[in-house]
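Worksheet: one structure, shown below.
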Amino acid sequence: MLQRDSVGGTFTIAAILCVVCSIIVSATAVGLRPIKQKNEQLAFQREVLKVLGLYEADKNTPDQIPELFKKVKPLLVNIDTGKLAETDAVNIDTFDLKEVSSNPELIEEIPAEKDLAGIGTREKITKIYLLMKEDGTIDQMVLPVRGKGLWSTMWGLLSLDGDGKTVRGLTFYQDGETPGLGGEINNARWQASWSNPECPKVILNDAGEVNISFYKGALNCETPNSEHLFEALGGATITTRGVETMMYYWLGDHGYKTLIENLTSGEVKVAQATR
């Protein structure tokens with residue numbers, strides 16, 4: 001019989017405790033996984049609603065998110081063709097951008113000369129979100145964007161007007177930039193500067209080419225070329241440049257340019273789309 005106060009007894013009791021604690025931690029993690037996934041889904045849906053202007057923290061509550069999200073039309077699209085995705089490789093209900101963008105079978109390499117965002121690869125299929133008008137035309141289109149900042153990959157959502165070039169909103173749902181500097185991309189005031197209806201920002205020119213610059217200093221509607229100027233983040237030059245280059249990449253010809261053209265021209269029949 002093992003002596004309780006012996007070295008062997010001490011190690012045996014410690015081993016038993018480790019096994020028991022491991023089982024408890026593992027069981028708890030597995031048991032809470034559905035709750036965690038649901039909370040993550042709600043958090044992402046809240047960001048989509050925020051960038052569409054359908055959710056305000058001081059007016060809405062989290063339990064309103066599922067009902068508000070019913071106004072949003074999600075679509076799976078093929079980025080290369082700019083059309084609806086015809087694939088069984090991903091499911092629109094379970095689509096997870098981070099999983100898809102790290103799956104070797106679902107991504108493609110970005111040519112070095114086009115990789116302005118510094119992400120190396122991008123997914124072939126992605127999920128976008130539309131807000132429709134009563135007449136069936138597009139009010140807003142929400143496009144996932146991401147790019148390298150100073151310390152992290154910044155994951156965001158850009159909302160464009162139905163014209164495909166006027167910015168309606170920008171938000172970031174994950175980043176690791178410096179608090180108080182690059183982290184200001186999450187500042188509500190800075191994000192609102194992208195979507196001031198009295199001074200709309202036009203991110204594409206008439207030829208569909210990206211036309212934006214970042215402005216250091218006081219910027220207002222009277223500033224020459226202000227529709228193409230965006231506020232630079234003070235003390236965060238690399239993060240600012242990261243936001244700029246991600247826009248040039250994702251709205252360019254290796255990003256959403258063809259998709260935007262197809263959505264605005266009606267080439268993609270949204271009204272009949274089921275995915």
Side-chain angles (χ1 to χ4, degrees), residues 25-52 55 62 65-66 69-70 72-111 114-130 141-149 151-159 169-177 185-186 242-243 245-247 249-252 254-256 258-260 263 268 273-275:
V25 171
S26 299
T28 302
V30 172
L32 293 178
R33 185 177 299 162
I35 297 175
K36 179 175 179 287
Q37 291 173 337
K38 181 176 177 59
N39 287 337
E40 290 175 344
Q41 181 186 38
L42 285 174
F44 184 80
Q45 291 178 345
R46 182 190 61 208
E47 294 303 313
V48 174
L49 294 171
K50 276 175 57 181
V51 81
L52 287 168
Y55 185 94
I65 291 174
F69 203 74
K70 292 179 181 177
V72 179
K73 185 179 185 66
L75 289 180
L76 281 181
V77 295
N78 183 310
I79 298 177
D80 290 323
T81 64
K83 297 182 178 179
L84 299 177
E86 300 293 339
T87 178
D88 294 324
V90 293
N91 182 288
I92 192 168
D93 295 323
T94 59
F95 184 91
D96 185 305
L97 178 56
K98 290 191 174 179
E99 287 185 6
V100 171
S101 64
S102 61
N103 185 333
E105 296 181 358
L106 300 175
I107 61 176
E108 63 183 47
E109 188 172 344
I110 302 172
K114 294 181 180 292
D115 190 14
L116 304 177
I119 52 178
T121 60
R122 69 142 167 83
E123 56 284 0
K124 302 171 186 174
I125 307 295
T126 195
K127 187 176 179 180
I128 68 169
Y129 306 86
L130 302 179
M141 58 184 80
V142 176
L143 308 172
V145 294
R146 68 180 183 277
K148 292 292 185 183
W151 303 110
S152 68
T153 297
M154 302 175 288
W155 298 73
L157 296 167
L158 174 70
S159 176
L170 174 70
T171 189
F172 289 92
Y173 56 93
Q174 183 174 323
D175 73 272
E177 297 305 283
I185 57 174
N186 298 306
V243 175
T245 54
M246 80 166 70
M247 296 302 165
Y249 171 71
W250 284 104
L251 300 179
H254 201 261
Y256 298 126
T258 303
L259 174 66
I260 292 171
L263 288 170
V268 172
T274 56
R275 57 169 60 192

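When a residue number appears, it is its place in the shown sequence, counting from 1.
Atom CD1 of residue I119 and atom NZ of residue K148 lie 9.0 Å apart, to the nearest 0.5 angstrom. For the atom pair R146 CZ and L158 CG, the distance stands at 14.5 Å (nearest 0.5 Å). Here CD of E47 is found 12.0 Å from CG of L42. Values are rounded to the nearest 0.5 Å. Here the CG atom belonging to L143 is positioned 9.5 Å from the CD1 atom belonging to I79, to the nearest 0.5 angstrom. In this structure, CG in L76 is found 7.5 Å from CG in N91, a value given to the nearest 0.5 Å. Annotation: the span from L263 atom CG to L75 atom CG amounts to 7.5 Å, rounded to 0.5 Å.
Using a distance-only test at 3.5 Å, with no hydrogens or angles considered, no donor-acceptor pair links the side chain of W250 to the main chain of Y256. Listed for the N39 side chain is no donor-acceptor partner under 3.5 Å among the backbone atoms of A43. Looking at K124, its side chain never comes within 3.5 Å of a backbone N or O of E108 through a donor-acceptor pair.
Contact detail for V243 and I185: the closest heavy-atom pair is CG2-CG2, 4.1 Å. Considering every non-hydrogen atom in both S152 and E177, the closest pair reads OG-OE2, 2.7 Å.
Here D80 pairs with R122 in a salt bridge; the nearest charged N to carboxylate O distance falls below 4.0 Å.
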